[in-house]
Number of protein chains: 2
Amino acid sequence: MADGVEPGTVRPGGRTARVRQAVLRAAEDALTEQGFTGLDLADIARRAAVGKTTVYRRWGTVTGLVADLLQDMAEQSAPRTETGSLLGDLTANARLVQRTLTDPRQGALFKALIAAATGDAKTAAALHRFYDIRVREWAPCVRQAADRGEVPEGTDPHDVIRAVSAPLYYHLLISGGRLDETAADRAAEAAAIAARAGVFVRGGGKPA
Amino acid sequence: MADGVEPGTVRPGGRTARVRQAVLRAAEDALTEQGFTGLDLADIARRAAVGKTTVYRRWGTVTGLVADLLQDMAEQSAPRTETGSLLGDLTANARLVQRTLTDPRQGALFKALIAAATGDAKTAAALHRFYDIRVREWAPCVRQAADRGEVPEGTDPHDVIRAVSAPLYYHLLISGGRLDETAADRAAEAAAIAARAGVFVRGGGKPA
DNA sequence: CGTCTAACGGGTCTGAAGTTTCGTTAATGG
DNA sequence: CCATTAACGAAACTTCAGACCCGTTAGACG
C-alpha cells in the first residue's frame, strides 16, 4: 500500500461521500454559530453524528476543514441575473452580495471563512479560488458592456466585479458600517462610473 | 474592597504600565509571526518576560488582548499629507495604506487583527474605533475638495476615504490579488471619480 | 454473493492551554 | 520614610483538544 494517500480518495463513493457531506454541513453550522475562534473538531463530529477520529484523520485541522468546505461551496454556483445595462447588472450583483452578507447565518459564515483564511496559506488559496469562480460568473456583464461601448476597450471585467464587492466587505469586516441596499447601490454606481471612466483598463493608468 | 474592579485601574503607574507595554509589544510580535490562530497567552507572557498569570488575569482571552492592543494603536496616529487636489490626497492615502498592508510585518498584523475582530463583538468595536480615527484624520481633504467645488456639496467625507481603502483590503483578505502601487492608484482614482460624480452625497441616490 | 481492505468509530492516553493558590514586590498616600 | 495593599509571579492543579490503538462496518471488484 502506498502510504501518503489521503483517506477518502480510493473509495470516494457511498459512506465516504455521506460522511463528508455531513461533516461539511456540521462545519458550516458550527462556523456560523461559534465563529472561527472556539471551534473544535470534536464538536463538529458530534453534530455530524460521526466519530471524531474520522474528522481528525481526514481533515486534521480546522483550517483544513474550512479549505475543503470552501471547495465544496465553490462547486455550487448561483446564476447571475441580466438587466441589459452595466449599472443594472452591477446593482443586481451588489444587492446579491449585500443580502448574503446581511443574512445572519451567511454573514457569520463568510466572516468565519475569511478569518480562517488569514491564518493558513492553503485555506487562503481555497478562498481565492472560491471568489475567483464567483467573479468569473459575473464578468460577462462587463464584457457585454464593452461590446455596447459602455466601457472602454481593454477594461478588466474581473476588476470591475471585485470593485463592486470591495466596499461591502469593507463594511462587514472593518468599518462596521450599515450594510443596507443604499450601500449596495452606491457600490455598484461607483464601480460603474469608474469603469466608464476607464479606471479598470488593463495595464494602463488614466486615459485622459 | 469593591470587587469587579479591573486589575490595573487603581495603580496604573510604574510597573503596571510597563507590564502593559511589554505585553502589548509581545502580542504584536506574536500576532505578526503566528497569526491569530495558534496564539496562546503563555507564549506572549514568555516573550514579554512576564508571568502568565498576569496576562490571564488582566486580559483573559486572546481577543480581549487584541482589543486592548487596538486601543493602544489607535492612540498613536500618523499625520496625513496634503497635495492640494483631491486625487493627489487620495492617492497619497491609498499608497500609505498599500505600503502598510504590503509590509510583511504590518500586513500580517492587520490580517490578524481583522480575523480576531470577526469572532468577538468587543474586539470588533475596538477595530471600528481604530479605523474611525484613521478615517477622521483623512476626511478633511474631502471637505477641502468640497470647498473648492471639486465634489458636490453634501458629499460624505468618511465614505470617500473608506472607498479608497476598500479595494486594497479586499485584495489583502479576499481575492489575494496583487497589492502594488498601480492597485493603490486605481483605488484612489475610482474613489475620486465616483466622489466627483456625486455617488457619496449623503442620503441621496444619484443626482442626474 | 463472497473476499478484501479502505474507511469509520469507540475508548484511552497525553500534553498543553488555562485556572487557582499563595507568597513576593512595589505603587500610592501620608 | 513607613504602612497599606494593588498588582505581579512561580508552581501546583484541572480540563480538554487532539493523537493513537484496534476492533467493526461497508464500498469495490470478481
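All values below come from the heavy atoms of this structure, side chains included, with hydrogens, waters and symmetry mates left out. All chains are named by letter (A, B, ...) in the order of the sequence lines, taking the proteins before the strands, and each is independently numbered beginning at 1.
Residue contacts for A/R18: at a heavy-atom cut-off of 4.0 Å it reaches the sugar-phosphate backbone alone, with no base atom in range. Residue contacts for B/T9: at a heavy-atom cut-off of 4.0 Å it reaches the sugar-phosphate backbone alone, with no base atom in range.
Not a single donor-acceptor pair, N or O on each side, falls under 3.5 Å between the base of D/dG18 and the side chain of A/R57. With hydrogens and angles left out, the side chain of A/T16 and the base of D/dG27 share no donor-acceptor pair within 3.5 Å. Put simply, the side chain of A/K52 and the base of D/dG18 share a donor and an acceptor less than 3.5 Å apart.
Interatomic distance, B/K52 NZ to B/I44 CD1, rounded to the nearest 0.5 Å: 13.0 Å. Here the CD1 atom belonging to B/I114 is positioned 6.5 Å from the CG atom belonging to B/L172, to the nearest 0.5 angstrom.
If you take CD1 of B/I44 and C1' of C/dG18, they are 13 Å apart, rounded to a whole angstrom. In this entry the distance linking CZ of A/R58 with P of C/dG9 reads 10 Å, nearest Å. Rounded to an integer number of Å, the gap from CG of A/D40 to P of D/dA19 is 12 Å. For the pair A/W59 CH2 and C/dC8 C1', the interatomic distance rounds to 11 Å; values are reported in whole Å.
Using a 4.0 Å cut-off, some side-chain N or O of A/T54 falls inside it from OP1 or OP2 of C/dG9. Distances shown here put every side-chain N or O of B/T53 at or beyond 4.0 Å from the OP1 or OP2 atom of D/dC8. One finds a side-chain N or O of B/Y56 lying less than 4.0 angstrom from the OP1 or OP2 phosphate oxygen of C/dG18.
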Steps toward side chain to side chain donor-acceptor pair (under 3.5 Å) verdict (A/Y131, B/Y170): CA-CA 11 Å; A/Y131 279 101; B/Y170 190 84; over 6 Å; no
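Position along DNA chain C of the nearest nucleotide to B/G60 versus A/R20 favours A/R20 as the more 5'-ward residue. Closest-nucleotide positions on DNA chain C for B/V62 and B/R11 were compared, and the one nearer the 5' end corresponds to B/V62.
In this pair, B/F110 and B/F130 present their aromatic rings tilted. The plane angle is within the 30 to 60° band.
Counting only N and O atoms by type, the side chains of B/T83 and B/D89 include a donor and acceptor under 3.5 Å apart.
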